[in-house]
2 protein chains.
Amino acid sequence: MNKSLNLRTRTAGGRPSGRVTMATVGRLAGVSQVTVSRALSDPSKVSPATMQRIQDAIDITGFVPNAVAGALASRRSKLISALVPSLTSSVYASMMQSFSDLMRDNGYELLLSECGFQAETEEKLIAAHLSRRPDAFYLTGIHHTARARQMLIGADIPVVEVWDLTDAPIDICVGFHHREVGWAMADFALEAGYKYAGTVSAGDERALRRRDSFVDRYSARGGTCVGNVSFSDSASVAHGRAGLARLIDEHGFTSGLIACSSDLMAQGILIEAQKRKLSVPDQIAVLGFGDQDFAAYLEPALTTIRVDRPALGTSAAQAILKRLHGGSREQSRVDIGFQLIRRESA
Amino acid sequence: MNKSLNLRTRTAGGRPSGRVTMATVGRLAGVSQVTVSRALSDPSKVSPATMQRIQDAIDITGFVPNAVAGALASRRSKLISALVPSLTSSVYASMMQSFSDLMRDNGYELLLSECGFQAETEEKLIAAHLSRRPDAFYLTGIHHTARARQMLIGADIPVVEVWDLTDAPIDICVGFHHREVGWAMADFALEAGYKYAGTVSAGDERALRRRDSFVDRYSARGGTCVGNVSFSDSASVAHGRAGLARLIDEHGFTSGLIACSSDLMAQGILIEAQKRKLSVPDQIAVLGFGDQDFAAYLEPALTTIRVDRPALGTSAAQAILKRLHGGSREQSRVDIGFQLIRRESA
DNA sequence: TTGAAAGCGCTAACAA
DNA sequence: TTGTTAGCGCTTTCAA
């Protein structure tokens with residue numbers, strides 16, 4: 001009684017619950033510190049009566065367990081590091097969402113940083129994150145510096161590379177072949193009867209790879225590629241509009257299909273076409289990438305490549321969890337595929 | 001020489017650098033463990049020759065400092081907890097970006113979770129985050145459960161509440177008055193000559209607060225509010241389209257201004273209007289909120305409320321850093337304001 | 001079912 | 001400039 005009063009006073013005062021430890025709780029409940037630890041990690045290992053007293057003590061003190069100490073002692077941080085190129089791009093965000101949901105359901109929190117599109121920036125962040133001893137690592141893409149790979153391998157934790165596929169993953173990789181996306185877009189363009197095409201792309205490496213394979217296949221099968229416009233930074237509606245303008249004004253594009261690196265670019269093209277009173281898809285056909293939320297609700301509705309982002313996130317999380325719990329050791333590769341969704345814009 | 005060889009062998013082998021500690025590095029460099037710690041935290045406290053040997057030892061071993069142990073010993077985790085309603089909404093993401101950039105420049109990493117729009121979910125996440133002993137806490141909005149406030153106050157760390165303003169912040173708060181936004185929208189509508197108005201909103205509390213103050217002011221000053229449509233979840237283009245449809249079909253809206261809870265909604269309305277061949281802004285005027293990237297590039301360009309999201313993020317970070325370094329104790333409140341940007345849609 | 005003892009890998013005094 | 005000594009608050013054996 002007296003004790004609890006003391007504790008309440010402290011809680012009301014200056015530096016409170018931060019100082020409450022398992023030892024404090026144990027003292028109040030009349031048990032040792034270890035018993036408190038057990039009660040929290042596995043209640044079945046503690047008698048119901050003891051459990052109750054501990055619970056009361058926790059309520060009184062407002063005890064919040066110190067996961068830092070726990071992590072140091074157990075060598076498990078319950079933290080997952082994640083590096084994404086951009087927080088603002090809803091493409092990455094929407095897959096991150098399903099990834100983190102599943103992780104959190106299993107007791108893991110996310111240490112998230114934005115790494116941009118440069119491997120050197122990523123390398124520094126990997127070092128910073130590894131010092132926090134995450135239990136697993138999420139990376140976007142398959143291109144990393146040699147030192148980054150080395151550090152990651154040295155850390156001896158599950159590493160998942162998402163959004164792309166390679167024969168030599170660091171550990172696990174979940175994604176799809178961007179080259180095949182380009183091919184599918186080219187085949188579609190040809191089969192739909194578009195003899196002329198242009199491309200508008202953002203500056204990231206995967207987008208450029210899709211574009212290159214599109215152009216190769218399209219040309220190889222007899223299409224005429226009128227011009228390629230690319231921007232060094234991320235996709236945006238503004239770039240989409242400027243992209244169509246440049247295709248027309250600088251490359252003499254008059255009609256045909258435009259293959260975009262993302263739905264956002266495609267949206268910009270739709271708007272610029274509308275402004276210039278060019279009919280879509282008759283004069284200008286537009287093919288997006290991503291099948292973002294808005295794609296089906298544009299006017300005309302966007303024909304695009306759908307990537308199942310929730311599945312991407314879920315698969316990545318499942319692969320990590322399997323390693324973490326099950327403990328399987330073999331490298332794994334999951335091809336999530338993609339799908340061309342034909343709507344009205346092409 | 002021998003030692004370094006041993007270490008290399010271990011690194012190539014099974015469980016490597018994870019086991020390398022400051023003690024290992026020190027042994028290799030011929031100094032004690034503390035000297036390694038000093039060399040890393042403040043090189044000026046160590047002689048250049050020693051520094052060099054330590055650096056070599058680090059390179060050879062691939063040593064990655066254990067920040068978990070560091071945090072436990074120093075009681076500073078260099079971690080900032082952040083809870084945002086949604087990762088996919090670029091509105092929150094773009095402010096988080098500037099927040100995290102500034103934090104990272106000062107050596108802090110982000111523990112980020114999505115908390116949705118319910119205070120109960122948030123409460124659980126707050127508890128989980130606090131157990132990791134973050135050095136500061138970032139919250140979205142000012143509505144939290146009593147227990148959440150209590151835990152946060154008990155943690156005795158800087159807490160910043162962003163996106164809204166209140167007279168009773170937990171600690172620091174940075175935002176603007178949503179009520180004033182509604183008033184500004186109403187005043188604009190009236191002064192621009194729109195006698196009829198409708199609203200389309202997402203389900204979050206701040207959006208609803210803006211809408212309510214819009215409706216109050218607009219009606220009070222003589223405008224006629226034809227109808228309000230709201231959705232229980234987040235804003236989207238699809239909801240924008242459906243919103244206009246419902247305003248017209250269910251509320252008999254024929255002409256006037258539509259005040260939206262976000263630019264995304266506004267965009268949907270623009271598209272639906274185009275589809276229905278209603279001219280904007282002549283028959284239907286549209287007023288957005290947020291001034292997102294795309295707003296200026298829609299057709300017609302969107303008239304909207306600009307909130308300086310980078311400034312929001314930077315201010316929040318600066319306030320935290322000031323507390324963390326300077327150590328000032330007084331509560332602070334920063335009104336970041338907002339601005340109506342008139343373009344073509346209204 | 002419970003407890004005692006020994007660390008986890010660092011930082012923070014205090015000495016030398 | 002460097003080292004010694006104590007912890008930080010937990011988890012992990014190992015005993016009782």
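Quick note on labels: first sequence line is chain A, next is B, and so on, each numbered from 1. As the structure is a computational prediction, the values presented were derived from the model and not from experiment.
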Holding to side chain to side chain donor-acceptor pair (under 3.5 Å), I want the full list of residues that pass it with [X], two or more places apart in sequence or in another chain.
{"X": "A:Thr314", "answer": "none"}
{"X": "B:Thr140", "answer": "none"}
{"X": "A:Gln52", "answer": "none"}
{"X": "A:Arg147", "answer": "A:Glu123"}

Checking A:Asp164 now: which residues fulfil side chain to side chain contact (heavy atoms under 4.5 Å, CB included) with it, not counting sequence neighbours?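 For A:Asp164 the side chain to side chain contact (heavy atoms under 4.5 Å, CB included) partners, ignoring immediate neighbours, are A:Ile142, A:His178, A:Arg206, A:Arg209.
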With sequence neighbours left out, what residues match A:Ser77 under side chain to side chain contact (heavy atoms under 4.5 Å, CB included)?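 With sequence neighbours excluded, A:Ser77 shows a side chain to side chain contact (heavy atoms under 4.5 Å, CB included) to A:Ala71, A:Leu79, A:Asp135, given in chain and number order.
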For the helix from C:dT1-D:dA16 to C:dA16-D:dT1, figure out the bend between the end axes, five pairs an end, and round to 10 degrees.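 Answer rounded to 10°: the end axes differ by 30°.
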Would you tell me if any nitrogen or oxygen in the side chain of A:Ser32 comes within less than 4.0 Å of OP1 or OP2 on C:dT2?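 No.
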Any base atoms under 4.0 Å from A:Val68, or only sugar-phosphate, or nothing? Heavy atoms, all strands.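 Nothing, no heavy atom under 4.0 Å.
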Can you tell me the distance, in whole Å, between the [atom1] atom of [X] and the [atom2] atom of [N]?
{"X": "A:Asp42", "N": "C:dT1", "atom1": "CG", "atom2": "C1'", "result": "12 Å"}
{"X": "A:Arg75", "N": "C:dC8", "atom1": "CZ", "atom2": "P", "result": "7 Å"}
{"X": "A:Leu72", "N": "C:dG9", "atom1": "CG", "atom2": "C1'", "result": "6 Å"}
{"X": "B:Leu40", "N": "C:dG9", "atom1": "CG", "atom2": "P", "result": "16 Å"}
{"X": "A:Lys78", "N": "D:dT11", "atom1": "NZ", "atom2": "P", "result": "12 Å"}

Under 3.5 Å donor-acceptor, A:Glu161 side chain and A:Ile170 backbone: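 Yes: the side chain of A:Glu161 pairs with the backbone of A:Ile170.
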Which ring-ring contact (aromatic ring centres under 6.0 Å, His included) pairs, counting each pair once, include a residue from residues 144-167 of chain B, with sequence neighbours left out?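 Passing the test, one end in residues 144-167 of chain B: B:Tyr92-B:Trp163.
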Walk along nucleotides 10-16 of chain C from 5' to 3' and tag each nucleotide B, S or - by protein heavy-atom contact under 4.0 Å, base first, then sugar-phosphate. BBBB---
Which parts of residues 47-57 of chain A get close to DNA chain D, meaning a heavy atom less than 4.0 angstrom away?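 Contacting residues: none.
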Can you see which heavy atom on A:Leu28 is nearest to which on A:Ala57, and at what distance?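 Here A:Leu28 and A:Ala57 meet closest at CB-CB, 3.9 Å.
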Going by side chain to side chain donor-acceptor pair (under 3.5 Å), name the pairs with one or both residues in residues 29-40 of chain B, residues two or more places apart or in two chains.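 Residue pairs with at least one partner in residues 29-40 of chain B: B:Ser32-B:Thr35.
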Do any side-chain atoms of residues 63-70 of chain A form donor-acceptor pairs under 3.5 angstrom with protein atoms, and if so which ones, sequence neighbours left out?
residue	atom	partner	partner atom	Å
A:Asn66	OD1	A:Val68	N	2.8
A:Asn66	OD1	A:Ala69	N	3.1

